[in-house]
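Atom set for the values below is all heavy atoms of this structure, side chains included, hydrogens, waters and symmetry mates excluded. Keep in mind it's a predicted model, so treat the numbers as computed, not measured.
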Amino acid sequence: MDEAQVVESKDGTISVASAFVAHQEAVQDRDHKFLTKAVEEAYRGVDCGDGGPFGAVVVRNDEVVVSCHNMVLKHTDPTAHAEVTAIREACKKLGKIELSDCEIYASCEPCPMCFGAVHLSRIKRLVYGAKAEAAIAIGFDDFIADALRGTGFYQKANMEIKKADGNGALIAEQVFEKTKEKFQMY
């Protein structure tokens, strides 16, 4: 491993210069290896007609836990994206709902739903290959992000988004207060 280079600046602060080049290269090689598996999974899903060209791999301790692809068409399930499918399968295989000791490699930048699933599963690291624009360019439109932020007109889905008010909102909010003693996530 390379020696650390200590650099002192004019203001007297000291920093360690890029001493871990070999480590950075090893991380890049490792990322490339697992990202390649995610891309292979994307091809596999398209080849067998299961869904769109998306793949995801969940890794723990440098070992593949699961390798999955988009299953939207096979399962007739619009939520069966590669990342969501991989997270579901990894949780089942490991017998837990949080994957804080895992990483996920996705062939494409996750949509908001998939990013939410990654976040909720507590995965410690996400590495993705293609930008969302690559998927959008062939017809996979990520318009939901703008709709949720209120920056886009949600016309493609012809859906109204409205927060309930009055008694509907009150009873929905009360479920959290009434169950907080009975239910804990972690």
Side-chain angles (χ1 to χ4, degrees), residues 27-28 30-163 176 183 185-186:
V27 169
Q28 283 179 330
R30 182 179 173 280
D31 287 351
H32 179 75
K33 174 180 131 180
F34 292 124
L35 191 56
T36 298
K37 288 187 181 299
V39 171
E40 289 168 355
E41 194 66 46
Y43 280 115
R44 187 175 299 116
V46 171
D47 290 344
C48 65
D50 287 345
F54 304 95
V57 176
V58 174
V59 174
R60 182 172 75 164
N61 300 326
D62 289 333
E63 296 290 327
V64 173
V65 176
V66 295
S67 180
C68 297
H69 54 261
N70 183 292
M71 302 288 277
V72 168
L73 299 176
K74 181 173 184 170
H75 294 316
T76 320
D77 178 357
T79 69
H81 291 196
E83 298 92 333
V84 172
T85 301
I87 289 167
R88 288 174 180 161
E89 293 301 315
C91 287
K92 283 181 197 171
K93 186 172 183 177
L94 298 174
K96 57 187 188 170
I97 62 168
E98 63 89 25
L99 303 172
S100 61
D101 57 348
C102 296
E103 301 166 277
I104 191 165
Y105 291 81
S107 62
C108 186
E109 182 177 5
C111 73
M113 176 186 69
C114 291
F115 183 79
V118 169
H119 172 74
L120 290 173
S121 67
R122 307 290 195 258
I123 286 176
K124 68 180 176 180
R125 187 166 182 258
L126 160 67
V127 177
Y128 66 89
K131 294 284 290 163
E133 288 78 10
I136 291 168
I138 65 164
F140 291 92
D141 197 348
D142 199 6
F143 61 89
I144 189 172
D146 283 336
L148 293 173
R149 285 191 298 267
T151 56
F153 184 63
Y154 208 48
Q155 88 187 70
K156 286 189 178 180
N158 294 318
M159 176 193 299
E160 177 185 2
I161 300 174
K162 177 186 181 289
K163 182 192 177 302
F176 297 103
F183 184 79
M185 284 288 290
Y186 306 101

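- For Lys124, the side chain to side chain contact (heavy atoms under 4.5 Å, CB included) partners are Glu103, not counting sequence neighbours.
- Atoms SG and CD, from Cys68 and Glu83 in turn, are 10.5 Å apart once rounded to the nearest 0.5 Å.
- Rounded to the nearest 0.5 Å, atoms CG (Asp50) and CG (Asn70) are 8.5 Å apart.
- Counted within 6.0 Å of NE2 on His75, heavy atoms from surrounding residues, nucleotides or ligands total more than 12; the atom is thus considered enclosed.
- Closest non-hydrogen pair, Ala80 versus Arg88, comes out as CA-NH1, 4.3 Å.
- Across all non-hydrogen atoms, the minimal contact from Ala106 to Ala38 is C-CB, 4.2 Å.
- Taking NZ of Lys74 as the start and NE2 of His69 as the end, the distance is 7.0 Å to the nearest 0.5 Å.
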ask   = Stepwise, does the salt bridge (Lys or Arg N to Asp or Glu O under 4.0 Å) test hold for Lys92 with Glu89?
value = CA-CA 5 Å; Lys92 283 181 197 171; Glu89 293 301 315; 3.6 Å; yes
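- In terms of the side chain to side chain donor-acceptor pair (under 3.5 Å) criterion, Thr76 has no residue partners (sequence neighbours excluded).
- Rounded to the nearest 0.5 angstrom, Glu40 CD and Leu35 CG are separated by 10.0 Å.
- How far CD of Glu109 is from CZ of Phe115: 10.0 Å, rounded to the nearest 0.5 Å.
- Side-chain contact check for Tyr105 versus His32: every heavy-atom pair is 4.5 Å or farther apart.
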Quiz: residues 53-66 side-chain donor-acceptor pairs under 3.5 angstrom, not counting sequence neighbours:
{"unit_1": "Arg60", "atom_1": "NH1", "unit_2": "Asp101", "atom_2": "OD2", "d": "3.4"}
{"unit_1": "Asp62", "atom_1": "OD1", "unit_2": "Arg30", "atom_2": "NE", "d": "2.3"}
{"unit_1": "Asp62", "atom_1": "OD1", "unit_2": "Arg30", "atom_2": "NH2", "d": "2.8"}

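- Note that CG of Leu99 and CG of Leu94 are 6.5 Å apart. Values are rounded to the nearest 0.5 Å.
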